[in-house]
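As the structure is a prediction and not an experimental result, all values here were calculated from the model. Only heavy atoms go into these numbers, but all of them, side chains included; no hydrogens, no water, no symmetry mates.
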Amino acid sequence: MTSKALGLPGLRIGWITCRDRALLSRLERAKHYTTICNSAPSEVLARVAIKARETILGRNRALIERNLPAFESFFAEFPDAFDWKAPDGGCVAYPRYLGPEGVEEFCGRLLDEAGVLLLPVSIYRSELTAAPADRFRIGVGRRGAEEALDAFARWMKARR
């Protein structure tokens, strides 16, 4: 909850809801193996954030609403390179990259040549679920999105 909805990923506080008792048991053992407890400052900050959730959620929703037109415009300018769909809710989108070199190489070149960081699907591979090999993660809920999209667009145009 604190990570995505409240925009506080550094707190690393969360809960797991699952009906599969065997999976829950494995997750609990892994948690006990890696940490003895959550960070006390993170717990305090998470509690403060949860109490102020309406204010924080309102701020985050306003940022997303303000940013989405810029993302829509950017991806509309490059329909041959991307299959874009705005997030149904939240601040993270997973566009499909349509280029010939693959999403991993694309994201690496974009970072090296333009300083724009996108997270390719390899970051999210898991044995628990399949992940499409042609997607990348992009956040739409941050301040300064226009600057990053401008750098991204300049790089894309230079490649044409």
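Here the closest non-hydrogen pair linking D20 and L23 is OD1-N, 3.0 Å. Taking every heavy atom of both residues into account, C91 and I64 meet most closely at CB-CD1, 3.7 Å. What you find for P79 and A76 is that their closest heavy atoms are CD-O, 3.2 Å. Residues P87 and L68 share a closest heavy-atom pair of CD-CD2, 4.2 Å. Residue F71 comes nearest to A145 through the heavy atom pair CE1-CB, 3.8 Å, listed as atom of the first residue, atom of the second, then distance.
Applying the 6.0 Å contact sphere to CZ of R142 captures no more than 12 heavy atoms from other residues, nucleotides or ligands. The number of heavy atoms from other shown groups lying within 6.0 Å of CD (E65) does not exceed 12. Around CZ of R160, the count of heavy atoms belonging to other residues, nucleotides or ligands within 6.0 Å exceeds 12. Crowding of R109 atom CZ: a count of heavy atoms from other residues, nucleotides or ligands under 6.0 Å exceeding 12.
With no hydrogens or angles considered, a side-chain donor-acceptor pair links R29 and S25 at under 3.5 Å.
Taken from OG1 in T55 to CG in L6, the straight-line distance is 11.0 Å, to the nearest 0.5 Å. Separation of atoms CD (E105) and CG (L110) is listed at 12.0 Å; rounding is to 0.5 Å. Expressed to the nearest 0.5 Å, how far SG of C18 lies from CZ of R26 amounts to 10.0 Å. Expressed to the nearest 0.5 Å, how far CH2 of W155 lies from CG of D150 amounts to 15.5 Å. Atom SG of C107 and atom CD1 of I123 lie 9.0 Å apart (nearest 0.5 Å). Taking CZ from R159 and CZ from R154, the interatomic distance works out to 15.5 Å, rounded to the nearest 0.5 Å.
Using a 4.5 Å heavy-atom threshold, the side chains of R143 and N67 count as separate. Taking the side chain as every heavy atom from C-beta outward, P69 and E72 never approach each other to under 4.5 Å. Between L118 and F152 there is a side-chain heavy-atom pair separated by less than 4.5 Å.
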Exercise for the section: Show your reasoning for whether side chain to side chain contact (heavy atoms under 4.5 Å, CB included) applies to L98 and D80. Expected result: CA-CA 7 Å; L98 305 174; D80 56 323; over 6 Å; no
Practice task
Start with the C-alpha distance between E77 and K157, add both sets of side-chain angles, then the distance that settles salt bridge (Lys or Arg N to Asp or Glu O under 4.0 Å), and finish with yes or no.
Solution key: CA-CA 10 Å; E77 188 174 351; K157 289 174 186 173; 3.0 Å; yes
Practice task
List the steps and the verdict of side chain to side chain contact (heavy atoms under 4.5 Å, CB included) for V121 and V103.
Solution key: CA-CA 8 Å; V121 73; V103 72; 4.3 Å; yes
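Using cut-offs of 30° and 60° for the angle between ring planes, the F82 and F75 rings count as perpendicular.
Hydrophobic clustering, with ILVMFWY side chains joined whenever heavy atoms are under 4.5 angstrom apart, keeps V92 apart from L119. Neither V44 nor I50 shares a network with the other; the hydrophobic side chains, linked directly or stepwise wherever heavy atoms of I, L, V, M, F, W or Y lie under 4.5 Å apart, form separate groups for each. Tracing side-chain contacts under 4.5 Å through hydrophobic residues (I, L, V, M, F, W, Y), one never reaches Y94 starting from L111; they form parts of separate clusters. Hydrophobic clustering places L149 together with F78 (ILVMFWY residues linked when any side-chain heavy atoms are closer than 4.5 Å, directly or through intermediates).
Take E147 and apply the side chain to side chain contact (heavy atoms under 4.5 Å, CB included) test, not counting sequence neighbours, and it matches no residue.
Side-chain atoms of E104 come within 3.5 Å of backbone N or O of S122 as a donor-acceptor pair. Side chain of R96 to main chain of D134: no donor-acceptor pair is present (N/O by atom type, distance under 3.5 Å, no hydrogens or angles).
Taking the six-membered ring for Trp and the full ring otherwise, F136 and W84 have centroids separated by 6.0 Å or more.
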